[in-house]
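What follows is a set of notes on a single structure, which appears directly below.
For the single chain, residues carry numbers from 1 onward in sequence order. As a basis for the values below, the full set of heavy atoms in this structure was taken, side chains included, without hydrogen atoms, waters or symmetry mates.
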Amino acid sequence: MKLKMLHFFKANKHDLSIGITLFSLSFLFYVVFAAIITIIARGYDSLNAFFDADTFRVYADMTVANYTHYRTIVHPLFVILTQPFVLIVNFFTRNTVAACVLVQTFVSAVNITLLYGCLRKIGLNTKRSLAVSVLFALTVPQFIFSVTFETYIFAQLGLLIMWLCALFFVKKKTLNLNDYTVLALLGVVSLSITVTNFVQYIIVLLIVIALNRKETKKLTKISILVVSALCITTTIAQIQSVVWPSSVDFFKGNISAIVKKDSEELLYIEKQSSIMSRVTKQIRHNTTANIPLFITKNGDERETEFRAYSIKGNVVTNIVAYTMFIAIAVIHGRFIRKHRKTLLTTNKIYSGMIAAYIVNFAFHMCYGNLSGFLYTPHYNFLLILATAYVWRNSNGLSRLTKNRRILSGLFVLVIVSQTIGLIWLTKEIVSAYGVHCTVPKTLAICVACVGAMCAILLWALRSRKKYIIFVLLSVVAMLIGVKLFN
């Protein structure tokens, strides 16, 4: 076992060093922004400020033992999986808000690192995997739900672990007892934070077991794994309800809600919009919502309950969103058409990712304009991984991205614009909370972190010339960002 571990570390020394550095910089980046939004501006002490997010409720779930943990009906093990860690960190920080910030940003940084690991496992080279990971870290959903208290980043952690394991399992000809044990635990991980993510787990079982020609009694094995995951999660939920009596047994609670038709989730279902309107909203959530420019502020008064931010829905935004989405759809459509005979064999992991993405896209069409955006961290990474798979296995797309100068220039442009945009968004958020202050030093550190991320990328590229260009651009971005904030 030790020899295998040593061999693994030696064989992946370069990737591990980049992964650790990427994690450290992402963690620092998110911590600084979280300090501004959550601690300085007291962003945790509000409701529905960010796209209908229950920020204070999540904060209470992570810190208060005798709080009414009623949302464990849809977030089964959230309290037991987060509150102990927050209490441990709080022993050192002596500040529950700071403890929550550290725990949440730590998980967010782990997610960025896991995405990098998934991209490398798919076969994308070091440079491209690192570039995509940095861009992913700077998208609006990843930023917002890393620096404010919500369940989505924790759910994303479990899903990324599950898909990383799936990338290993699909390569195996036969599965042993240890593999089945891991698969059962992955079911618990996927279900523990958000119940709807269990659908992704079932899709993973289908591609790992049902589409494996060497496996026998497939339906029996899948059924046993599903039941095992449900039983383990229910058992832990019972333990949770003993320690935190106000928490709800998710299994009984959901069965009762289905029978009585009184589930709280029914309140979030959009009943008035047309199907086309719902599709448009979801397309915006998956494209333009990643860019700070397309996030708009609804009001600037601090209230007990207010919806401070939403996604722009004007004609220009819709055109940009549809253009981006159609371009992505064409790329995947061409790949699917070319490899249609191997979608359930050689390319089954790709098929699983696309299937999970489509299911989530369709499911969240039922939610309102703001609520639908909340769940994007549950599946936006799937589109990134699937596109990376196409990039790795499609000669046509590889030829389009072969020009390094154009690709590097585009990367620089996006990094700088996203950085400035996130600083602007931070300024808007702080002012919406009624806190008028200047934080130039803190913001300088924020952008310096982004510059450091770029430096890591260039270190991987081993290019001094590009290193100097990135550093200069980071300084410019920092100055512009601080000017915007102040």
Side-chain angles (χ1 to χ4, degrees), residues 34-35 37-39 41-108 144-158 188-189 191-197 233-254 256-257 262-268 302-308 371 374-375 377 433:
I37 294 173
T38 303
I39 298 176
R42 292 180 62 85
Y44 70 94
D45 192 21
S46 63
L47 183 65
N48 292 332
F50 303 101
F51 315 98
D52 273 351
D54 293 334
T55 310
F56 182 78
R57 189 264 305 167
V58 175
Y59 166 69
D61 280 343
M62 291 195 287
T63 57
V64 184
N66 58 355
Y67 184 75
T68 305
H69 304 291
Y70 71 98
R71 288 297 285 171
T72 47
I73 192 170
V74 289
H75 307 295
L77 307 179
F78 183 75
V79 177
I80 197 172
L81 291 178
T82 57
Q83 198 166 127
F85 293 103
V86 171
L87 291 174
I88 292 169
V89 177
N90 186 52
F91 177 79
F92 299 98
T93 62
R94 301 298 179 183
N95 185 308
T96 54
V97 179
C100 288
V101 164
L102 290 173
V103 170
Q104 179 138 335
T105 51
F106 179 89
V107 171
S108 301
I144 287 291
F145 300 122
S146 296
V147 302
T148 59
F149 302 144
E150 253 302 347
T151 60
Y152 307 104
I153 288 300
F154 295 95
Q156 188 184 71
L157 172 66
V188 178
V189 169
L191 181 61
S192 60
I193 304 298
T194 307
V195 292
T196 53
N197 287 337
T233 308
T234 304
T235 302
I236 299 173
Q238 293 290 339
I239 297 170
Q240 177 180 257
S241 64
V242 172
V243 182
W244 294 273
S246 63
S247 62
V248 181
D249 183 338
F250 82 99
F251 190 76
K252 290 180 181 177
N254 280 292
S256 175
D262 61 351
S263 174
E264 184 185 350
E265 301 306 300
L266 295 174
L267 300 175
Y268 306 128
R302 187 183 180 88
E303 301 172 4
T304 304
E305 181 172 348
F306 72 112
R307 292 167 174 81
S371 300
L374 293 175
Y375 297 90
Y433 282 130

Among all residues two or more places apart in sequence or in another chain, which pass the side-chain hydrogen bond (donor to acceptor under 3.5 Å, both in side chains) test with [X]?
{"X": "Ser247", "answer": "none"}
{"X": "Thr151", "answer": "none"}
{"X": "His69", "answer": "Asp61"}
{"X": "Asn90", "answer": "none"}

State the [atom1]-[atom2] distance between [X] and [Y], to the nearest 0.5 angstrom.
{"X": "Phe92", "Y": "Ile88", "atom1": "CZ", "atom2": "CD1", "result": "8.5 Å"}
{"X": "Ser146", "Y": "Gln156", "atom1": "OG", "atom2": "CD", "result": "7.5 Å"}
{"X": "Leu191", "Y": "Thr233", "atom1": "CG", "atom2": "OG1", "result": "4.5 Å"}
{"X": "Thr63", "Y": "Phe149", "atom1": "OG1", "atom2": "CZ", "result": "8.5 Å"}
{"X": "Trp244", "Y": "Ile239", "atom1": "CH2", "atom2": "CD1", "result": "10.5 Å"}

Can you name the residues that form a side-chain contact (heavy atoms from CB on, under 4.5 Å) with [X], not counting sequence neighbours?
{"X": "Val103", "answer": "Val86, Val89, Phe154"}
{"X": "Leu87", "answer": "Gln83"}
{"X": "Val243", "answer": "none"}
{"X": "Ala155", "answer": "Ile193, Thr194, Asn197, His378"}

OH of Tyr67: more than 12 outside heavy atoms within 6.0 angstrom?
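Yes.
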If you define the side chain from C-beta out and look only at heavy atoms, does anything of Val195 sit under 4.5 Å from Pro76?
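Yes, at least one pair of side-chain atoms sits under 4.5 Å.
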Phe78 vs Met62 side-chain heavy atoms within contact, under 4.5 Å
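SC-SC contact between Phe78 and Met62 confirmed.
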Any pair counted as side-chain hydrogen bond (donor to acceptor under 3.5 Å, both in side chains), so long as it reaches residues 92-107, sequence neighbours left out:
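Checked against side-chain hydrogen bond (donor to acceptor under 3.5 Å, both in side chains) - neighbours excluded - the pairs reaching residues 92-107 are Tyr59-Thr96.
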